[in-house]
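Read through the structure below, which is laid out as structure tokens, and then see the notes.
Note that ligands are numbered from 1 as they come in the structure, with each ligand's atoms numbered from 1 the same way.
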Amino acid sequence: MRAAVPSDTKGQLVPSSVTTRRDVVVVGGGQAGLAVGYFLAEQARDFTILEAASGPAAAWRDRWDSLKLFTSARYDALPGLDFPGDSDRYPTRDEVAAYLEDYARRFELPVELDSRVRSIRRSDGSYIVELDDRSYEAEQVVIATGPFQVPFVPPIAEGLDPSVVQMHSTAYRSPESVPDGRVLVVGGGNTGFQIAEELSASREVHLAIGSRQTPLPQRVLGRDLFWYLDTTGLIGKTTVSRIGKLMRKREDTLIGSSPRRARRAGIEFHGRAVGTAGSTVSFAEGADLDVGGVVWATGFRVDHSWIDVPVFDGNGRAVHERGVTNSPGLYFLGQLWQHTRGSALLGWVKDDAEYIAQQVALFRPAASRELEAAGTSSKN
Ligand SMILES: Cc1cc2nc3c(=O)[nH]c(=O)nc-3n(C[C@H](O)[C@H](O)[C@H](O)COP(=O)(O)OP(=O)(O)OC[C@H]3O[C@@H](n4cnc5c(N)ncnc54)[C@H](O)[C@@H]3O)c2cc1C
């Protein structure tokens, strides 16, 4: 360990904090961070996993109470540890959280909780990873901060009267989260359908669907959908392959939720929600609806603004090849379609994690520094 004397944004010296050296810093302790941690531990690397939340499996614990996975337990395992119980069942949110917690403990992965990374920058051929109270210096950094980061609510939400209770799906826990009376769920993905169906047992529910997603059954002829995707090799089609590109275009698929079942449950469908005034929401087809509550199941945005390394395109998207960026030793893991459809799924993140761990092992810092000094970025 060695002391550093950083300055604040006004350039004034702030009390010295500690800078610790590690071979590799992994940012994010969800399934992606743990999976790469498993392989780094196998290599006996000196590494740490920095996790912003105060407890393990934070992203899963933040999801609604009754969430059931759309992947069966057979396809929910990280490297080296089967998901417990009947492999044909669809585990709950809490089971996944318990599994991830057990995983980190069992493989003694060095997860540091309450450790939000505030910035990453390049300095003298290393990365400086800064937290509120300390920093790390590492030659290699893996960003595993998740594909679903910042809840997105469309600007029309602002037009709703304060008497309308509204929340993003991340704040929805159970029907008790929403007041009695007519509720609108906005968003026709798996999340919107699951929440709408749960609410429909106790109140009048409307569902606004901006763009239709192809419904796929969870099971076909007694087998899980992912069994077919796995057996046919479709799940492993890469983002640059012809089939991969096609699948990516149609990525929005509803797994296990069916519009027909939702209609039978009494849910009324609308097109895209396009405007609000008072307690009224208007839809693309021209209809208006008075509501008492709105759940915005409208997805997420990724925020990498805290990474001060030039590896992003004009839209702030990380530029990489299978997670490997042009900045020597900087990797991403767990992104949607990072390499295949499975990249951001529990059961397949191990493939990318193993690949990134291999890149870590192959990395030659001196060679990278020389190339960097010559103005040429390298990928190992
Ligand atoms: C509603 C929903 C249902 C899903 N269902 C399934 C399913 O059935 N099957 C399946 O395989 N997949 C499912 N997924 C997809 C995927 O498995 C999850 O999104 C999973 O949580 C992604 O894991 P991750 O480790 O990449 O990211 P996350 O689980 O999001 O973990 C990232 C971690 O990074 C931390 N972090 C973020 N920023 C920082 C920072 N600056 N410093 C330090 N730490 C930071 C966060 O606190 C978080 O713990 C689902 C996703 C959603 C949203």
Side-chain angles (χ1 to χ4, degrees), residues 25-37 48-78 83 89-93 95-97 99-101 103-104 111-120 129-132 136 141-152 168-170 172 187 189-195 218 224-226 229-230 235 251 254-257 297-300 302-307 323 332-338 341-350 352-353 356:
V25 165
V26 178
V27 187
Q31 66 208 34
L34 298 182
V36 74
T48 188
I49 301 176
L50 302 175
E51 168 54 51
S54 54
W60 286 100
R61 288 189 203 282
D62 262 1
R63 292 169 185 156
W64 67 95
D65 296 351
S66 66
L67 183 150
K68 278 220 167 202
L69 296 200
F70 55 75
T71 45
S72 64
R74 185 190 313 281
Y75 300 114
D76 295 332
L78 296 185
F83 201 95
R89 79 187 199 292
Y90 296 89
T92 62
R93 173 199 75 174
E95 284 177 89
V96 180
Y99 170 80
L100 294 180
E101 191 169 353
Y103 189 87
V111 182
E112 298 181 53
L113 297 172
D114 287 313
S115 299
R116 177 170 291 279
V117 172
R118 297 291 180 189
S119 73
I120 297 180
V129 179
E130 285 187 346
L131 289 74
D132 285 332
Y136 286 86
V141 172
V142 183
I143 310 288
T145 47
F148 306 114
Q149 294 176 355
V150 185
F152 171 74
H168 186 265
S169 58
T170 45
Y172 173 86
N190 283 312
T191 298
F193 267 88
Q194 275 198 31
I195 292 177
Q218 200 146 38
D224 184 87
L225 171 70
F226 283 88
L229 293 175
D230 198 34
I235 195 88
E251 187 191 339
L254 273 180
I255 301 173
S257 300
T298 36
F300 298 83
V302 172
D303 176 17
H304 288 139
S305 58
W306 47 279
I307 303 173
F332 286 85
L333 182 62
Q335 300 211 323
L336 282 176
W337 275 98
Q338 173 156 317
R341 170 67 177 95
S343 287
L345 295 177
L346 273 161
W348 286 273
V349 68
K350 60 177 171 299
D352 291 348
I356 295 297

Next item on the list: Compute the shortest N/O to N/O distance between Ala58 and ligand 1 and return yes if it is under 3.5 Å, no if not.
Entry: no

Margin query: In the structure I gave you, are the side-chain heavy atoms of Val142 and Leu333 within less than 4.5 Å of one another anywhere?
Written below: yes

Check: What protein heavy atom sits nearest atom 5 (N) of ligand 1, and how far away is it?
Finding: Phe70 CE2, 3.3 Å

Item checked: Gap separating the CG atom of Asp65 from the CZ atom of Arg93, nearest 0.5 angstrom -> 4.5 Å

Notebook entry, point to check: How far does CG of Leu345 sit from CD1 of Ile235, to the nearest 0.5 angstrom?
Noted result: 5.5 Å

Notebook entry, point to check: For ligand 1, which atoms sit closer than 4.0 Å to a heavy atom of Val27?
Noted result: 40 (C), 42 (N), 43 (C)

Check: Among all residues two or more places apart in sequence or in another chain, which pass the salt bridge (charged side-chain N to carboxylate O under 4.0 Å, His left out) test with Arg118?
Finding: Asp132

Margin query: List the residues meeting side-chain hydrogen bond (donor to acceptor under 3.5 Å, both in side chains) with Asp114, not counting sequence neighbours, and say none if there are none.
Written below: none

Notebook entry, point to check: Do Gln338 side-chain atoms and Phe332 backbone N/O form a donor-acceptor pair below 3.5 Å?
Noted result: yes

Checklist line | Min side-chain heavy-atom separation Thr191-Phe148 under 4.5 Å | finding: no

Checklist line | Side-chain touch Ile195/Ser169, heavy atoms, less than 4.5 angstrom | finding: yes

Notebook entry, point to check: Just distances here: any N/O of Thr71 and N/O of ligand 1 closer than 3.5 Å?
Noted result: yes

Check: Do ligand 1 and Asp76 have nitrogen or oxygen atoms that lie under 3.5 Å from each other?
Finding: no

Checklist line | ligand 1 to Gln31 polar contact by distance, N or O atoms, under 3.5 Å | finding: yes

Checklist line | Distance in Å, Arg116 CZ paired with Thr145 OG1, rounded so as to fall on 0.5 Å steps | finding: 9.5 Å

Margin query: Distance check, rounded to the nearest 0.5 Å: Ile356 atom CD1 versus Ile143 atom CD1?
Written below: 11.0 Å

Checklist line | Where ligand 1 meets Ala144 - atom numbers and elements under 4.0 angstrom, heavy-atom basis | finding: 32 (C), 34 (O)

Item checked: Location of contacts on Phe148 toward ligand 1, heavy atoms closer than 4.0 Å -> side chain

Check: Can you say whether the rings of Trp306 and His304 are parallel (under 30°), tilted (30 to 60°) or perpendicular (over 60°)?
Finding: perpendicular

Notebook entry, point to check: Should you measure from each heavy atom of Gly146, which atoms of ligand 1 turn up under 4.0 Å away?
Noted result: 26 (O), 27 (O), 30 (O), 32 (C)

Notebook entry, point to check: Measuring from the heavy atoms of Leu67, does anything fall under 4.0 Å of ligand 1?
Noted result: yes

Notebook entry, point to check: Looking at Leu34 and Ala104, what are the two nearest heavy atoms and their distance?
Noted result: CD2-CB, 4.0 Å

Note to self: Can you name the atoms of ligand 1, numbered from 1 with element, that are less than 4.0 Å from a heavy atom of Pro147?
What the structure shows: 22 (C), 26 (O), 27 (O)

Margin query: Ala32 versus ligand 1: do any nitrogen or oxygen atoms come within less than 3.5 Å of each other?
Written below: yes

Next item on the list: Under 4.0 Å from a heavy atom of Leu50: give me the atoms of ligand 1 that qualify, with their elements.
Entry: 43 (C), 44 (N)

Item checked: Contact (N/O only, under 3.5 Å) between Val117 and ligand 1 -> yes

Checklist line | Under-4.0 Å heavy-atom contact with ligand 1, by part of Arg63 that carries it | finding: side chain

Next item on the list: Give yes or no for whether the N/O distance cutoff of 3.5 Å, strictly under, is met between Leu345 and ligand 1.
Entry: no

Checklist line | Within-cut-off N or O pair, Ala52 and ligand 1, under 3.5 Å | finding: yes

Check: Considering only heavy atoms of Gly30, which atoms of ligand 1 have at least one such atom less than 4.0 Å away?
Finding: 25 (O), 31 (O), 33 (C)

Notebook entry, point to check: Which residue owns the protein heavy atom closest to atom 11 (O) of ligand 1, what's the atom, and how far is it?
Noted result: Leu346 N, 2.8 Å

Notebook entry, point to check: Closest non-hydrogen protein atom to atom 36 (N) of ligand 1, residue and atom name please, with distance?
Noted result: Thr145 CG2, 3.9 Å

Checklist line | Numbering as shown, the atoms of ligand 1 that approach Leu69 to under 4.0 Å (heavy-atom distance) | finding: 7 (C), 8 (O)

Item checked: Backbone N/O of Asp76 and side chain of Thr71: donor-acceptor pair under 3.5 Å -> no

Item checked: Enumerated ligand 1 atoms positioned under 4.0 Å from heavy atoms of Ala59 -> 28 (P), 29 (O), 30 (O)

Note to self: Using 0.5 Å steps for rounding, measure from the OH atom of Tyr99 to the CD atom of Gln31.
What the structure shows: 10.0 Å

Check: Any N or O on Thr191 sitting closer than 3.5 Å to an N or O of ligand 1?
Finding: no

Item checked: Close approach of Ser115 to ligand 1, heavy atoms, under 4.0 angstrom -> yes

Notebook entry, point to check: Are any of the N or O atoms of Ala344 closer than 3.5 Å to those of ligand 1?
Noted result: yes

Next item on the list: Could you tell me whether Trp60 approaches ligand 1 through its side chain, its backbone, both or neither, with non-hydrogen atoms closer than 4.0 Å?
Entry: side chain

Notebook entry, point to check: Which one holds for Trp64 and ligand 1: side chain close, backbone close, both close, or neither close, with close meaning a heavy atom under 4.0 Å?
Noted result: side chain

Checklist line | For atom 33 (C) of ligand 1, closest protein heavy-atom neighbour | finding: Glu51 OE1, 3.5 Å

Notebook entry, point to check: With a 4.5 Å limit on heavy-atom distance, are the side chains of Phe83 and Arg89 in contact?
Noted result: yes

Next item on the list: Go through Asp352 and Ser343 one step at a time and tell me if the side-chain hydrogen bond (donor to acceptor under 3.5 Å, both in side chains) criterion holds.
Entry: CA-CA 7 Å; Asp352 291 348; Ser343 287; 2.6 Å; yes

Notebook entry, point to check: Among all protein non-hydrogen atoms, which one is nearest to atom 34 (O) of ligand 1, and what is the separation to 0.1 Å?
Noted result: Gly28 CA, 3.3 Å

Check: Do Trp348 and Phe226 have their ring centres less than 6.0 Å from each other?
Finding: yes

